[in-house]
Amino acid sequence: MLRPFEIHEPTSIAEASRLLADHGEDAAVYAGGTELILVMKEGLAHFRHLVDIKTIPGLETIAYDGAVLRLGALATHRAIERSAVVGRHAPLLASVASQVANPRVRNVGTLGGNLCFAEPHSDLGTLCVAWDAVIVLARDGEERSVPADRFFTGVLETVREPDEVLVRVELRPFGPGTGGAYQRFAMHERPTAGVAAVVATRGGVIQHGRIAIGSVGPMPVRASEAEAMLAGAPLRDEALREAAKAVGRHAEVMDDLYGSAAYKRHVLTVLAARALREAVACAREEDA
Amino acid sequence: MAPQGGEVAPRRELALIVNGRPAVARIEPRELLLDFLRNRLGLTGAKRSCDVQVCGACTVLVDDRPVSACCFLAYEARGRQVTTIEGLAEAGHLHPLQEAFIEHGAIQCGFCTPGMILTALTLLREVPTPSPDQVRTYLKGSLCRCTGYWKIIDAVVDAGRRMARAEAARR
């Protein structure tokens with residue numbers, strides 16, 4: 001059974017931030033609760049004050065302004081999966097959101113919660129890192145933007161300060177000649193390994209490729225060796241295959257209950273090849 | 001149960017609709033929807049099983065969407081409509097999904113059945129006549145340790161067809 005706690009219902013970011021500052025380590029931001037209530041139930045963490053940010057209006061908004069797709073922190077996986085705006089400008093994100101856990105978790109769990117909790121086996125974290133998503137954190141009267149690949153700092157750890165609230169995630173839809181893909185292997189609710197790739201091509205040449213690997217280490221990270229191999233490479237399957245091998249070879253991988261390090265390294269190589277090929281196929285479609 | 005370590009949190013009023021009827025109680029913020037339904041309202045259709053929102057046995061609908069009541073605070077249901085398996089039959093007639101589960105032998109021990117049926121119901125509202133594959137994908141997070149799933153999938157596909165036919169006949 002859960003130990004007692006109080007729920008606070010702020011109506012603004014400033015109020016939420018003040019509550020978080022006042023209660024310090026005794027407080028947690030409470031959004032969907034699919035991760036937080038679980039760890040509190042299991043006795044792995046306890047907070048006497050939950051700051052429910054669902055009482056702050058507007059944090060679930062999803063909007064596109066012609067250049068940037070803005071996803072409010074409280075957008076649920078289901079809302080993202082079914083949003084017409086996301087389907088039109090970032091179908092890859094909708095597809096990844098539709099694969100998170102199960103329908104119950106997708107109805108309740110939020111994008112912001114998923115990222116802030118920083119569980120290492122997050123699909124969305126990996127995708128955001130490859131996509132160069134911008135994560136916007138706010139406290140009383142000020143906002144700061146953090147690139148997704150600098151947001152995660154370790155298992156369940158991010159650069160978010162205790163009195164900050166993740167308010168939205170910003171993504172730029174892929175332009176002409178650019179495509180993206182996410183491939184994962186999951187036997188259970190959470191993936192054993194995930195690879196996200198975004199590849200920009202022009203005239204038969206790969207301009208650059210961004211690759212992120214997730215679920216295999218403490219946090220999603222870029223596969224920089226493989227990325228370096230892709231930059232300027234001819235748009236041929238051999239280049240993708242070699243880069244995929246480099247993803248597996250250079251990855252920092254932890255053993256856990258989802259698989260041994262050697263196994264995950266192999267799975268990463270396979271997934272990276274699939275993700276790169278799919279991203280290139282999308283890039284060709286975008287070009288056509 | 002007495003709070004541990006003498007800690008207390010203020011109670012708050014919870015008003016919601018359960019299976020079409022208003023319910024009001026004073027709850028502690030930590031009370032889970034599953035305990036609220038089972039212990040206070042005696043609605044024991046939703047089961048506590050894995051207790052970590054993986055198996056689906058505790059599934060109930062909140063505003064027509066499935067949630068894991070084992071990890072969902074009762075507080076979150078304030079002002080909302082909750083549907084449990086007990087709320088599906090109308091005027092003594094089982095819901096077509098319930099009938100299909102019985103006819104297809106999709107029930108063995110029955111522990112997962114309430115969650116399976118409520119989850120399937122939300123699928124049929126979105127995809128009225130799903131393919132077996134669509135059912136399989138949507139029910140992936142609902143575990144059954146008896147049937148081997150085939151009969152459950154058959155039952156949901158069949159119920160979808162029956163409901164669609166009944167709907168067409170009404171028009």
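Below, chains carry the letters A, B, ... as their sequence lines are ordered, and counting in each starts from 1. Since we're looking at a predicted model, the values are computed, not measured.
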Side-chain heavy-atom pair B/Pro29, A/Glu6 within 4.5 angstrom cut-off: no
A/Val108 side chain near B/Arg65 side chain, heavy-atom distance below 4.5 Å: no
Test item: A/Glu189 side-chain N/O and B/Gly141 main-chain N/O as donor-acceptor pair under 3.5 Å: no
Test salt bridge (Lys or Arg N to Asp or Glu O under 4.0 Å) applied to B/Glu126 and A/Arg78, step by step: CA-CA 13 Å; B/Glu126 287 176 23; A/Arg78 179 191 155 92; 2.7 Å; yes
For A/Asn102 against B/Gln53, the heavy-atom pair lying closest together: ND2-O, 3.0 Å
Structural part of B/Cys55 lying under 4.5 Å from a heavy atom of chain A: backbone
Side chain, backbone, both or neither of B/Asp51 within contact of chain A (heavy atoms, under 4.5 Å): both
Salt bridge B/Arg78-A/Glu9, side-chain N to carboxylate O under 4.0 Å: yes
Heavy-atom pair count under 4.5 Å with chain A, highest-scoring of B/Thr59, B/Asp35, B/Val62, B/Thr122: B/Thr59
A/Arg104 and B/Cys71, any side-chain heavy atoms less than 4.5 Å apart: no
Spatial distance of atom NZ (B/Lys140) from atom CD (A/Gln99) [nearest 0.5 Å]: 7.5 Å
B/Arg30 side, atom CZ; A/Ile37 side, atom CD1 - distance, nearest 0.5 Å: 12.5 Å
Contact origin within B/Leu139 toward chain A - heavy atom pairs under 4.5 Å: neither
B/Tyr75 and A/Asp52: side chain donor to acceptor below 3.5 Å: yes
Contacting moiety of B/Glu76, where chain A heavy atoms sit under 4.5 Å: side chain
More than 12 heavy atoms from other groups under 6.0 Å of CD on A/Glu25: no
Heavy-atom pairs under 4.5 Å with chain A, option from B/Val54, B/Thr119, B/Val52, B/Leu123 with the top count: B/Val54
A/Lys41 side, atom NZ; B/Cys70 side, atom SG - distance, nearest 0.5 Å: 4.0 Å
Min side-chain heavy-atom separation A/Leu2-B/Leu73 under 4.5 Å: yes
Heavy-atom contact with chain B under 4.5 Å, split by part of A/Arg82: side chain
Check: B/Pro66 and A/Asn107 side chains under 4.5 Å, non-hydrogen atoms: yes
Neighbour count above 12 (heavy atom, 6.0 Å) for B/Arg125 CZ: yes
